[in-house]
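One structure below.
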Amino acid sequence: MSTKARKPASYHNRQTATDIGDHFRNGWRTVKEAIQTRNGRYFMFALQFLLSFVSLLYLKGIVQMAYYSMFYRLDIPEETRGRYCFLVTLSCLFFGAVMLFTRRQIVTRLSIMACMPFYLPIILFNYNHLVLLIPLGIMVVVTYLASGTKEGPKTILGALFLMLYVLGFFVFTTVQNILQPATEETVIERGVTPSGSYRYSVVQVLDQGDGNTYVAVEPNDADIEYDYATWYSKGFRQEIYRERPLKKGFKAEWTTQTRAEITKELITKNPSTVFVLNAEQMKILGLNVGFAQDFKISDLSRTQRHKLGYGSEKDAIDKRFAGLLNITLMEPDFVVTLDFDKMVELGLNPTFDQRLSRMTDEQLALLGVPEVNEVLKVGKKVVFREYVAVLERRFSEENRDMDAFLESNEQPEVHPEGVEIPVKETTTTSTATTTITSSTTTETTAVQLPW
């Protein structure tokens, strides 16, 4: 019988854990010694240099988010906010780790500093989305403080960026307060058209007069959608109908009409109906072939004149540098004939007035007019036709309002009951023998765009 005592299982577990710890420590010591060699330092420098370019992807994402924040309205549904916050945090951890590892590389340092101004619009326009701002704010502080930039320049730039944030916030809030309308607006209806192509809203306005009601439309296909959030476009909203005075029972009804029906209706109403086609639409219909237009030298910019090899005798710069620029001086009234391609090359944006009666249904289809169009009626009056909006490019990027960043990013609530219509007081003057009653009658007026 053996006299040796059996060791407990806990002893063997501790021994195994100690062996594993020693193994990792020895491995880390070996890696550290390898890194400290000449070849190891070269390898680490090359690895950090290559990984530093990942920070450019972060810079690109921040610039893109700043643009979205200014020209789109971020909406994060309540049910996806947790997952959205997790994805943002995960992205910040990944890029933060890479940027901390490569913080002494020039690419990373420049990326960190270049990001700083673009954080401002993200904060200003999304201050109510803490699931975005909290992880992003931590990322800003950590990457900036841990940046490999020297302390002197870092302190100076930090003060400049802080001043930029304070000044930007002050200017933004001041402009918002100045541009805030003095009237009181109440949204009584908001929705999407039956086909989902457009969003619309019906708004009641209380002003110093009798008040009014208007209808606004914007595209519903210009948004940027992600799995857990949506960026709703701004700057496309257009008022298409306004009726004064304010009244109850304002009814906006969406219907549909075929392309052929609207064409017949428009031509019947006005046989001379004309649509102005841009360069892209002209090319689609083949109207660019043989198209030419005369321009006076004085109507062209200096750069456009120089590209054609001409200069104006009335332009001091043209006269002084004519020989150097190899241009021919001409009288301001000198006329040049430019074809379609040359106009496009010079940025002159050719247009063509096309009568609707001379367009076929096939041509309308090529220009993007759908077979079935959405039509908005107020009462019996047509105030919007998708047909006309497409041909006139009402919601194209070129017609976008670039002051959209001044709009509020908060959607006003809908109050279907509307507002209380103020009742005008009736002034009554009476004497012992006569009674005179004065009242004011206001006629209904409506403003409608040519839809």
Side-chain angles (χ1 to χ4, degrees), residues 60-77 80 84 118 121-122 124-126 128-129 132 179 185 187 189-203 214-241 252 254-257 259 262 275-281 283-284 349 364-376 383-414 449-451:
K60 177 179 179 295
I62 291 299
V63 173
Q64 187 177 37
M65 183 173 289
Y67 174 79
Y68 285 175
S69 299
M70 295 175 65
F71 296 102
Y72 294 83
R73 177 180 57 83
L74 177 61
D75 179 67
I76 308 173
T80 63
Y84 183 85
F118 296 101
I122 298 176
L124 288 179
F125 292 96
N126 301 294
N128 56 335
H129 295 294
L132 168 65
L179 296 181
E185 296 189 354
V187 180
E189 184 180 350
R190 181 190 294 128
V192 179
T193 59
S195 69
S197 300
Y198 300 95
R199 296 193 292 266
Y200 70 95
S201 56
V202 182
V203 184
Y214 71 85
V215 182
V217 175
E218 60 184 319
N220 195 43
D221 54 2
D223 305 327
I224 301 174
E225 297 185 4
Y226 294 99
D227 292 337
Y228 306 115
T230 302
W231 293 90
Y232 289 100
S233 61
K234 299 191 299 184
F236 293 104
R237 189 170 182 262
Q238 293 190 6
E239 182 183 315
I240 59 172
Y241 180 79
W254 287 93
T255 60
T256 57
Q257 277 186 294
R259 185 170 56 228
I262 297 178
F275 289 100
V276 181
L277 307 182
N278 64 1
E280 182 181 353
Q281 292 172 319
K283 291 184 69 174
I284 292 175
N349 299 322
L364 292 170
L366 288 174
L367 292 176
V369 180
E371 175 63 30
V372 179
N373 293 261
E374 293 188 299
V375 177
L376 177 62
V383 298
F384 175 82
R385 293 183 179 93
E386 183 181 8
Y387 180 109
V388 179
V390 172
L391 286 180
E392 294 187 345
R393 307 171 304 282
R394 288 288 178 177
F395 302 111
S396 63
E397 193 69 31
E398 62 188 26
N399 290 323
R400 189 177 192 179
D401 184 7
M402 298 313 291
D403 294 337
F405 64 90
L406 295 175
E407 297 179 13
S408 173
N409 276 28
E410 295 184 4
Q411 277 277 60
E413 296 182 1
V414 178
L449 295 177
W451 296 97

Minimum heavy-atom distance between [X] and [Y], given as atom pair plus value:
X: Glu225; Y: Thr230; answer: CG-CG2, 3.8 Å
X: Val192; Y: Arg199; answer: CG2-CG, 4.2 Å
X: Ser233; Y: Glu218; answer: O-OE1, 3.8 Å
X: Val388; Y: Phe275; answer: CG1-CE2, 4.1 Å
X: Asn399; Y: Arg394; answer: CB-O, 3.8 Å
X: Phe395; Y: Ala389; answer: CE1-CB, 4.1 Å

Original post:
Parallel, tilted or perpendicular for Tyr72 and Tyr68, by the 30°/60° rule?
Top reply: perpendicular
Any donor and acceptor pair, going by atom type alone, linking the side chain of [X] with main-chain N or O of [Y] inside 3.5 Å?
X: Glu386; Y: Pro370; result: no
X: Gln257; Y: Val375; result: no
X: Thr256; Y: Val372; result: no
X: Asp75; Y: Tyr232; result: no
X: His129; Y: Leu74; result: yes
X: Arg190; Y: Pro412; result: yes

Original post:
So do the side chains of Tyr200 and Ile240 get within less than 4.5 Å of each other, counting heavy atoms only?
Top reply: no
Original post:
Can you find a heavy atom in the side chain of Val187 that is under 4.5 Å from one in the side chain of Glu413?
Top reply: no
Original post:
Pick one: which of Glu239, Glu189, Arg237 meets side-chain hydrogen bond (donor to acceptor under 3.5 Å, both in side chains) with Ser201?
Top reply: Arg237
Original post:
So, Ser69 and Asn126: side-chain donor and acceptor under 3.5 Å apart, yes or no?
Top reply: yes
Original post:
Mind checking whether Trp254 and Phe384 have ring centres under 6.0 Å apart?
Top reply: yes
Original post:
When you check the gap from the basic side-chain N to the acidic O, do Glu397 and Arg400 get nearer than 4.0 Å?
Top reply: yes
